[in-house]
J.: 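This is the structure, below, for whatever I ask next.
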Number of protein chains: 2
Amino acid sequence: MDAEPKNTGGKAEPWGDITPDAARRLVSAAVHAFAERGYHATTTRDIASRAGMSPAALYIHYKTKEELLYQISKVGHERALAILERARDSAGSPAERLADAVRSFVRWHAEHHTTARVVQYELGALAEEHHAEVIAVRKATDGAVRSIIEDGVKAGVFDVPDVRGTTVAALSLCIDVARWFNADGRSTPDEVGDLYAGLVLRMVGADGGQP
Amino acid sequence: MDAEPKNTGGKAEPWGDITPDAARRLVSAAVHAFAERGYHATTTRDIASRAGMSPAALYIHYKTKEELLYQISKVGHERALAILERARDSAGSPAERLADAVRSFVRWHAEHHTTARVVQYELGALAEEHHAEVIAVRKATDGAVRSIIEDGVKAGVFDVPDVRGTTVAALSLCIDVARWFNADGRSTPDEVGDLYAGLVLRMVGADGGQP
DNA sequence: ACGGAGAGTGAGCAAGCGCTTAGCCGCCTC
DNA sequence: GAGGCGGCTAAGCGCTTGCTCACTCTCCGT
């Protein structure tokens, strides 16, 4: 039972705090392989060799290939949720909190687009029990964004006829960043985050355009 | 060289016009299997048995499993592009054309969410040459939306600081529908299409909110 | 010095994969 | 009605997959 210093928002590899060094290398290798080819197209031999070990070494640290995906998916979803909950619970107007949520959520998806791609698009490969666990976290992410929008509507500063649909749309925008974002591309995570925060403010009818 | 009556916008199964009956059943079976489990997790035995044939029968109509995905991906991308090009080339103000584009594009992704899921999320499994071909169609889709937005900016009716980024965002919104839409869910394709058309109009700073 | 534990390896197993082959069957043509 | 041909199947080939096993090495407490 050590004290574990959690690194929930960092900019570097999000797997720096995994305890045995070999296990960390395995997770990192799996993230990259899953993101490139998808879970089912990735072989355990590929993961092991990216981590610099023999195929059998994987099974010292993880019982199955699926357990690796579960670890990635669970931790990733929890970090993503933490980002949104921090924005929801912060001080400030609904518009400020919504902009903060979108900006930081998008930035996370862009900065960690490799991890985020696995988190957002490979959860269908999880075992049923693990899948259900992850779905529960996703419901909470939806709830976090929706409650910010509801606050704005109640305060009369947002104009949103369909709160549920607009929440889904805002989350869509953010999540899809993991699909297309490329670190060598035209724009930085910060730029995309700022742009998308403005777009979502416009979507909810808060001022985001005219100065 | 027959005249082929193309069904580019239909509401039913989008594979009604594939010529040998067995081939059509195979494509339809493959679409459902790929959408449910993903390309790599789907076996040729599964596709064949869904189509009511023995595993070997698949290879009478398609050379490989990948060729099935290619057929689905190519036709699907071309239909999606056709929808956007029709909206781009139609008469009407930029706002009307953009709303039309988003509304019909979203409706297609919702109505055919099974096909759309394969089209949008399984293209990474294509062989390199086929992949390149499909990427070219995707660039054209992006171009179609961008040109509508550019028209609106030039006409002074849209307020869009970052045309390229806003185009990506609008397309993200539409494409992501294929990921979450569920036919048994709360909203119909028409409702989502209308909602999203309004949201995108707000994103580009055209009137979409205040009456 | 030494025994035990844990990390790691090379070889390999059973199962399942994409795909092929040999041959059957119904139908059209002459 | 003989011949051929396309659609289809049963059987199975060669290979890869996830995972296991018997074993070695290195480290550490006594």
Side-chain angles (χ1 to χ4, degrees), chain A residues 1-2 15 17-73 118 122-131, chain B residues 2 15 18-73 118 122-131:
Chain A
M1 286 90 176
D2 309 337
W15 307 105
D17 53 354
I18 288 185
T19 34
D21 176 82
R24 197 192 57 244
R25 271 154 48 215
L26 281 168
V27 170
S28 176
V31 166
H32 284 88
F34 292 164
E36 269 175 37
R37 313 201 219 286
Y39 174 81
H40 289 293
T42 299
T43 69
T44 56
R45 284 164 177 81
D46 183 28
I47 297 170
S49 89
R50 281 181 196 238
M53 332 180 178
S54 79
L58 191 154
Y59 294 92
I60 295 163
H61 303 281
Y62 294 93
K63 261 185 293 197
T64 63
K65 182 173 102 164
E66 192 267 350
E67 194 179 282
L68 259 169
L69 177 64
Y70 172 57
Q71 162 98 327
I72 294 163
S73 197
V118 178
E122 300 294 329
L123 71 161
L126 287 168
E128 199 163 350
E129 193 185 335
H130 295 159
H131 184 78
Chain B
D2 310 335
W15 307 106
I18 289 186
T19 34
D21 177 82
R24 196 193 59 244
R25 272 154 48 216
L26 282 168
V27 170
S28 177
V31 166
H32 284 89
F34 292 164
E36 267 176 37
R37 312 200 219 284
Y39 174 81
H40 289 292
T42 299
T43 70
T44 56
R45 285 162 176 84
D46 184 27
I47 297 170
S49 88
R50 280 180 197 239
M53 332 180 177
S54 79
L58 191 153
Y59 294 92
I60 294 161
H61 303 282
Y62 294 94
K63 261 185 294 198
T64 63
K65 182 173 101 165
E66 191 267 349
E67 194 179 281
L68 259 169
L69 177 64
Y70 172 57
Q71 163 98 323
I72 295 163
S73 196
V118 178
E122 300 294 330
L123 71 161
L126 287 167
E128 198 162 350
E129 193 184 336
H130 295 159
H131 184 78

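Basis for what follows: all heavy atoms, side chains included, without hydrogens, waters or symmetry-related copies. Everything numeric in this text was worked out from a predicted model, so none of it was measured. A, B, ... follow the sequence lines: proteins, then strands. Residue 1 opens every chain.
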J.: Heavy atoms from C-beta onward define the side chain here; which of C:dC19, D:dC19, D:dT20 lies closest to that of B:Thr44?
T.: C:dC19
J.: To the side chain of B:Ala56, which of D:dG18, C:dG8, D:dA10 is closest?
T.: D:dA10
J.: Round to a whole Å and report the spacing from OH of A:Tyr62 to P of C:dG8.
T.: 12 Å
J.: Closer than 3.5 angstrom, by distance alone: can the side chain of B:Arg25 be matched with the main-chain N or O of B:Ala51 as a donor-acceptor pair?
T.: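 Yes, the answer is positive, given that a donor and an acceptor are paired below the 3.5 Å cut-off.
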J.: When you match B:Ala22 and B:Arg45 each to their closest nucleotide on DNA chain D, which lands nearer the 5' end?
T.: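 Whichever sits nearer the 5' end wins; that is B:Ala22.
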J.: Expressed in angstrom and rounded to an integer, what is the separation of A:Asp21 atom CG from C:dG8 atom C1'?
T.: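 It is 14 Å, rounded to the nearest whole Å.
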J.: Whole-Å distance between C:dC19 C1' and B:Leu68 CG?
T.: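 For the pair B:Leu68 CG and C:dC19 C1', the rounded distance is 13 Å.
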J.: Using atom NZ of A:Lys63 as one end and atom C1' of D:dC19 as the other, report the distance to the nearest whole Å.
T.: 14 Å
J.: Ignoring backbone atoms, test whether B:Ser54 places a side-chain nitrogen or oxygen under 4.0 Å from the OP1 or OP2 oxygen of D:dA10.
T.: no
J.: Does the side chain of A:Val27 come within less than 4.5 Å of A:His61's, by heavy atoms?
T.: no
J.: Quick check on DNA chain C: between A:Ala57 and B:Thr42, whose nearest nucleotide comes earlier from the 5' end?
T.: A:Ala57
J.: Rounded to the nearest angstrom, tell me the gap between atom CD1 in B:Ile60 and atom P in C:dG26.
T.: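 Rounded to whole Å, this separation is 16 Å.
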J.: According to a strict under-4.0 Å criterion, is A:His40 in side-chain N/O contact with OP1 or OP2 of D:dT17?
T.: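 For D:dT17, neither OP1 nor OP2 has a side-chain N or O of A:His40 closer than 4.0 Å.
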J.: Answer yes or no: is there a donor N or O on one side and an acceptor on the other, between the side chain of B:Glu66 and the main chain of B:Ala127, under 3.5 Å?
T.: yes
J.: Rounding to an integer number of Å, can you tell me how far B:Tyr59 OH sits from C:dT21 C1'?
T.: 14 Å
J.: Quick check on D:dC8: is either OP1 or OP2 less than 4.0 Å from any side-chain nitrogen or oxygen of B:His61?
T.: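 Indeed, a polar side-chain atom of B:His61 lies that close.
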J.: Ignoring hydrogens and geometry, is there a side-chain-to-backbone donor-acceptor pair from B:His131 to B:Ala125 under 3.5 Å?
T.: no
J.: Taking C-beta and beyond as the side chain, do A:Ile72 and A:Trp15 meet within less than 4.5 Å on heavy atoms?
T.: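 Yes; the side chains approach each other to less than 4.5 Å.
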J.: Rounded to the nearest Å, what distance is computed from the CD atom of residue B:Glu67 to the C1' atom of nucleotide C:dC19?
T.: 13 Å
J.: Quickly work out the B:Leu58 CG to D:dG7 P distance and round it to whole Å.
T.: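 Between P of D:dG7 and CG of B:Leu58: 14 Å.
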J.: Name the closest nucleotide to the A:Lys65 side chain, picking from D:dC19, D:dT9, C:dC17.
T.: D:dC19
J.: Given D:dT9, C:dG18, D:dG18, which nucleotide is nearest the side-chain atoms of B:Met53?
T.: D:dT9
